[in-house]
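A quick write-up on the structure given underneath.
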Amino acid sequence: MPQYRVVNSDQLQTFTDGYFVNNIEFDKQHIWHPYTSAVNPLPCYEVVGAEGVELTLASSEVLIDGMSSWWAAIHGYNHPVLNDAAHKQIEAFSHVMFGGITHQPAVDLCKTLLNMVPAGLERVFLADSGSVSVEVAIKMAIQYWACQGRPEKSRIVSPRNGYHGDTFAAMSVCDPVNGMHSLFEGVLNKQIFAPAPQTRFGQTFSEDDILPLEDIFEKHHHTMAALILEPVVQGAGGMRIYHPEYLKRCRQLCDTYDVLLICDEIATGFGRTGKLFACEHAGISPDILCLGKAITGGYMTLAATLCTEDVALGVCQGEPGVFMHGPTYMGNPLACAVANASLSLINENHWQQQIPAIEKQLQTELEKCADLPRVADVRVLGAIGVVETVNPVNVAEIQRHFVKQGVWIRPFGKLVYIMPPYVISAEQLSKLTHAIYTALK
Ligand SMILES: *Cc1c(COP(=O)(O)O)cnc(C)c1O
């Protein structure tokens, strides 16, 4: 195992004495990890390999992956087709600026995306992460109205329990409690929040569900640029699965009141919910669509913001006539090439058998958890399985249990959830659900 010198001030003495620590120890002392303290972090596991649906730890333990590395690695790890695409593109060229330059991988990607997404979306902005694609979507919506001579239409509406990323505009439309808005009061844009949709997927839609949002549209439409939401499945803001009729009504309200609809399918896109895009459950198309995560099959960061011709024309009409956004790595050829390989795998359509099979198995096997006293709710849609507990789980403790059971599951708060790679076998999936059951028993 490689050894590193510790160079922080506390360790300076021992450093000069030639003190060395292993990776985990170095990491703990110097490296930030997502959503944990830098000074007293949750434990970290060192991965040395990943293949198919399995992660190999430095301790030689092999874990079945239940997380798809946060919705991304849908085809499994170390995939020969994705590897080959990356190798080929590296041999050609890894990156060129996108200002004044285009290339085959970007053209191919945008063609393929436009053939896959819901009808009406015609223009693609390639962004470098999900959060940035949300920034781009919000910026487009605001500029659209400003260029129509209606600059007062600048606020964004969003249901509670949403999650749209960690950058500032994205954060301003995340759930205000989960997103810790009070910490950033005065810095975050004040957006408008509607109650989260309550009718569950599969239940009879309750008309009451849409009333608060109708009220907001009626009162505030003249200052509203867009409604942003995650279609059908709210991800990191609560793992909630709601009735597609809510989404349909959102589309109608946006049409009636001249408000743009932004659908954030960064988590739900590319088959995860049993449809290629979750919008399809409601049969609607947004004005602006954000994609990310699984787009490269979990190989590297890439996202896309797509919009209608009307939005593109609106944004670029009059002054300034351009959209002022251009990440350095915009349209990164390496990421585009891998995305093309990932989309070609998706378009082989094995997901159409894989997702319903995973859904059925999750429903039967997670149902048992519903009887446990520590469990408040179990819900499943497509290749997403959620067990909500009564009290928040002890992440470090439950994770230790999971690793001992040979699975990788990373809960947060009261949510123990899995969204495994689509290529997981029935036997591997059973190991995941069994580990959840024994952890909560
Ligand atoms: C993960 C996620 C984002 C943010 O994407 P990053 O690539 O992490 O910036 C935005 N919206 C949704 C719905 C997500 O799940």
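First listed ligand is number 1; within each ligand, the first listed atom is number 1. Since the structure is predicted, the reported quantities are computational estimates derived from the model, not experimental observations.
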**OP:** Please check if the side chain of Asn394 supplies one atom and the backbone of Glu397 the other of a donor-acceptor pair under 3.5 Å.
**Re:** yes

**OP:** Determine the sole option in Met239, Arg240, Arg379 for which the side chain to side chain contact (heavy atoms under 4.5 Å, CB included) test with Glu388 is passed.
**Re:** Arg379

Subject >> Per atom 14 (C) of ligand 1, closest listed option by heavy atom (Lys293, Glu265, His164) >> reply: Lys293

In ligand 1, which numbered atoms sit nearer than 4.0 Å to a non-hydrogen atom of [X]?
X      : result
Ala267 : 15 (O)
Gly165 : 4 (C), 10 (C)
Asp264 : 10 (C), 11 (N), 12 (C), 13 (C)

**OP:** May I ask you to check whether Phe205 and His243 place their ring centers less than 6.0 Å from one another?
**Re:** yes

Subject >> Minimum side-chain heavy-atom gap Ser430-Gln361 below 4.5 Å >> reply: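 Sidechains of Gln361 and Ser430: in contact.
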
**OP:** Determine whether Leu261 and Ile288 make a side-chain contact, defined as any pair of heavy atoms from C-beta on separated by less than 4.5 Å.
**Re:**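 Result no, sub-4.5 Å side-chain heavy-atom pair not found.
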
Original post:
Does ligand 1 have a heavy atom under 4.0 Å from the side chain of Trp71, from its backbone, from both, or from neither?
Top reply: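 Trp71 to ligand 1: no contact under 4.0 Å from either part.
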
Subject >> Closest protein heavy atom (residue, atom, distance) for atom 8 (O) of ligand 1 >> reply: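 Nearest neighbour among protein heavy atoms for atom 8 (O) of ligand 1, to 0.1 Å: Ser131 OG, 4.4 Å.
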
Subject >> Closest protein heavy atom (residue, atom, distance) for atom 7 (O) of ligand 1 >> reply: Gly130 N, 2.8 Å

Original post:
Does NZ belonging to Lys139 count more than 12 external heavy atoms closer than 6.0 Å?
Top reply: yes

